[in-house]
Every structure is written in structure tokens, then in C-alpha cells.
Enquirer: 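So that we are looking at the same thing, I have put the structure below in C-alpha cells.
Small disclaimer: the values here were computed from a predicted structure and weren't measured. The sequence lines fix the lettering, A, B, ..., with proteins before strands; numbering per chain opens at 1.
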Amino acid sequence: MAQVQVQPQAQMSGSNGAASGTAAAAPSGGPAVQFQSTSLYVGDLEETVNDSQLYEMFSQLGQVVSVRVCRDITTRRSLGYAYVNYSNPIDAVRALDVLNFTPLNGKPIRIMYSNRDPSIRKSGAANIFIKNLDKTIDNKALYDTFSVFGNILSCKIATDPSGQSKGYGFVQFDQEEAAQNAISKLNGMLLNDKQVFVGPFVRKQERENAVNKAKFNNVFVKNLSESTTEEDLKIIFGEFGNITSSVVMREGDGKSKCFGFVNFENADDAAQAVEGLNGKKFDDKEWYVGKAQKKSERELELKAKFEQNMKEAVDKYQGLNLYLKNLDDSIDDEKLKELFSEYGMITSCKVMKDPNGVSRGSGFVAFSTPEEANRALLEMNGKMVANKPLFVALAQRKEDRRARLQARDVHPFN
DNA sequence: ACTGAGCGA
């Protein structure tokens, strides 16, 4: 078993945390289906996994009655899940226990009992979120650590495309009580010497709503028509309560920037105004109305969004994106595209520039397949372009690059 | 830094 070393973060009275929680593991009134079903749902399948591969694997644990990878009715493409039916429920339990998270074609499968009623899955009840997990903790270790508290319907560590743990994961139990127990026993504990957070799963949207529940008096409004004035704002927002000030932001010549602020005496009125006016149309313009952010808050949010976008872009282009340097200043996006297009289909292409628009001598070219990218790398690296030898390498993730530079004790030149 | 998707014959 891939048990994880569990330690209490602080001394707990006569308890060693998880190990004492075994009483919770008793299936007190759990659904009977868990214990006699012969039908397994096998999900997270790699695209090309087929029936015979699954049969070979699952029949080692008992007599398999049927195996079926579900496919799109017209394209026949795998839907990424399958059903495996055993003749004996005991074999099904063993298969789930032994084969869960076994990689097939490089991707760990995730096994659950088949249940055609989606209500439990959809409800998201008894679903918990775990973060700050040590990267060496894998699906099995997570499963074994949490199964002490009850029946797990599904469990998974979030990973990047290469399979590396992102340090957080999910466990869904069949009973609310088990989830509560797991949270109270394991939140703040050390798993492999890292203090983990264990809490109820909360959808991103709902987390953001919670943040926005903070009281505020100042309201931001944008997408105003150019003719909308402070007076108009006073009248429209005044319906929701007393206003201490309203302003439409303007250029030096008095032209509206089409956004403004309205300050309420009363925070509840401000919230009502957001609720009542956001998305409403005035002069054919759909207003955005929301809590006004301080400049620092707004900058933080924009920065976070920017970094998130960068990260997603890098992930998407992993193995497809080439990093270039020692580019001559005369080479712009267009010329770069011409230079590389003979090696394949270019999906994006960019010369990095300083704020004055002058080339920084570096850039990126992304291809539609890793093969194209590789060939372009081999052929173009060191090639003389505008009298300068071009440097070409696979673009690296930011954090990988930092780690590599640190390892060699080299410092970035920029 | 970081909060999911998933059920047929």
C-alpha cells in the first residue's frame, strides 16, 4: 500500500490523527451497491486505449463478463471511459483496489463503481479539496490516506500534461460524514512533512462570490455612452439610496472615458445598485456595474490574470514552441514567419520588443506538431540570418528555466 | 501556486 506518513502538526490530546480515525472507515449505512456491484466504470482513459487492452488487464483479477470502451456513435472516437463487468462482486472489489490508477498507455486509469444515477456525482456533496501536497504523493497514496474515513467514490491528484503532480487534488466520498471527518482529522496535518490544507470543495465561481461579499460603498460603472453625465448617474443610481458623490472620468478636453464611480452612503445600497444595474442597457450600451477596486487591488488582479494566461499559453505550447535569440533587429513578426514556415504550420509567431517597439533580438515560433518544431530547431539553429547566427531552442517553462539557471549558478542576461 | 469530471447495453 502506498500509505503516506501522517503526523499531527501540533500535539493533539491522546490522538495521532488519521490512525485514530479508523472508526469512520466502517461503512455505517453506506449504499449497498458499493459492496456487491459487479460493474465498474473505468475513466480517464488515454485516447487509444481499446477493449482488448482492458480485457487483458482486468481478467487477471477475475472472470470478466464484458468490456466496452464507449465511443462516439459517428466518429468512433473514444469517449475516454469504459465499462468492465465481472461475474463476481468480490473480483470487482479486488480489481478496483488493485488496478485503480494503473497507467494505460501512459495515463493512469480511474476506476469507480458504475452508477447510472448521476445525482450523487452531480451534487458534489462530500467532495473535498486538498492542497499543498508533496509532489511525491500520487493518486494511490492519496486514496489510501483518505479511504480511512469512508468509501471514496473518486479521487485524483491534479497533474500537468507530463503527469507531474500540481500539488493539489480531490477526494469525493459517498457520505457527507466521511468528508467532514477527513477534513477535521487531516486539515493542517503534515503529509510527508508538508502541512496540507483539507477543506470542502468549493467551485471557483462560488469562491469569488464569497470574496465579493465584502462590504463596499464605492461602485464602478463602465461602458457608459459618451453623453452620460454625473447627473445621469446620480439619477439612475439614486434609486438605490443616498449618493455622496458621482463622477464620470474624462480626457483633458472633457471627452468622456466612458467609465465612472458612484459612492453610496450605505454599503447595502451599493450592493443593491450592483445587483440591480449590472448588465442593464442605457443608450444601447450594456453597463458593467461592480464593486470599485482600489488601484492596488486592480493591479494585483490584472497581474494574476496575466500570469495565469502566460502559464496556460506555455502549457499549451509545450514541445511546440521554439525560443529564438540573436535575431537581427530587421526581423519582425512577418519575416520570422517567412523564415520558419517551410518547416510546418505556424500557429503563433512573435518577436519580443521593448516599449519603444524596438526588437529585443529574441522571439517565439510555435508549430502545430512537435515533429515540425523539432525539424525547424535542427535546421535553423546556428543558421546565418541577416549576418547573425540564429539561436534556436525549445521554449522552456519559466520555472524550469529558473531552476536550470540556478543549478548551473548562471544568471539570466535579461 | 492551487478548487474536477464522470456512467452503456
Enquirer: Between Y323(A) and F364(A), does the ring centre distance come in under 6.0 Å?
Expert: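 Aromatic pair counts; centres sit under 6.0 Å.
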Enquirer: In this structure, how many angstroms lie between the P atom of dG6(B) and the CG atom of N139(A), rounded?
Expert: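 In whole Å, dG6(B) P lies 17 Å from N139(A) CG.
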Enquirer: Establish whether the base of dG6(B) is bridged to the side chain of D44(A) by a donor-acceptor pair shorter than 3.5 Å.
Expert: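 By the distance-only test, no, there is no pair.
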Enquirer: Please identify each residue that fulfils side chain to side chain contact (heavy atoms under 4.5 Å, CB included) with P118(A), with sequence neighbours left out.
Expert: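 Listed in chain order: R121(A), K122(A).
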Enquirer: Aromatic contact between Y41(A) and Y81(A), with the criterion being ring centroids under 6.0 Å apart: yes or no?
Expert: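 Yes: the rings meet the under 6.0 Å criterion.
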Enquirer: Please give, in whole Å, the distance from dG4(B) P to K131(A) NZ?
Expert: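 Going from K131(A) (NZ) to dG4(B) (P), I get 12 Å.
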Enquirer: Applying a 4.0 Å non-hydrogen cut-off, can you work out what F201(A) is touching in the nucleic acid: base, sugar-phosphate, or nothing?
Expert: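 F201(A): base contact, heavy atoms under 4.0 Å.
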Enquirer: Can you work out whether G124(A) or R116(A) has the more 5'-proximal nearest nucleotide on DNA chain B?
Expert: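 The residue whose closest nucleotide sits nearer the 5' end is G124(A).
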Enquirer: Quick check on dG8(B): is either OP1 or OP2 less than 4.0 Å from any side-chain nitrogen or oxygen of R68(A)?
Expert: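 False: R68(A) side-chain N/O out of range (4.0 Å or more) of dG8(B) OP1/OP2.
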Enquirer: Atom NZ in K166(A), atom NZ in K135(A): separation rounded to 0.5 Å?
Expert: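 Interatomic distance, K166(A) NZ to K135(A) NZ, rounded to 0.5 Å: 10.0 Å.
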Enquirer: Between N132(A) and Q195(A) (side chain of the first, backbone of the second, donor and acceptor by atom type, cut-off under 3.5 Å), is there such a pair?
Expert: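 It does hold such a pair.
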Enquirer: For T228(A), give me all partners under side chain to side chain contact (heavy atoms under 4.5 Å, CB included), at least two apart in sequence or on another chain.
Expert: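 Applying side chain to side chain contact (heavy atoms under 4.5 Å, CB included) to T228(A) gives L224(A), S225(A), D232(A), L233(A), D283(A), W287(A).
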Enquirer: Need one value for F170(A): base, sugar-phosphate or nothing, where a base atom within 4.0 Å counts as base even if backbone is also close, heavy atoms only.
Expert: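 F170(A): base contact, heavy atoms under 4.0 Å.
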Enquirer: Heavy atoms only, 4.0 Å cut-off, all strands: where does D117(A) land among base, sugar-phosphate and nothing?
Expert: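 The answer is nothing, as D117(A) stays clear of every strand by at least 4.0 Å.
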Enquirer: What are the residues of residues 55-67 of chain A, sorted by number, that bring a heavy atom to within less than 4.0 Å of DNA chain B?
Expert: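 Heavy-atom cutoff 4.0 Å gives no residues at all.
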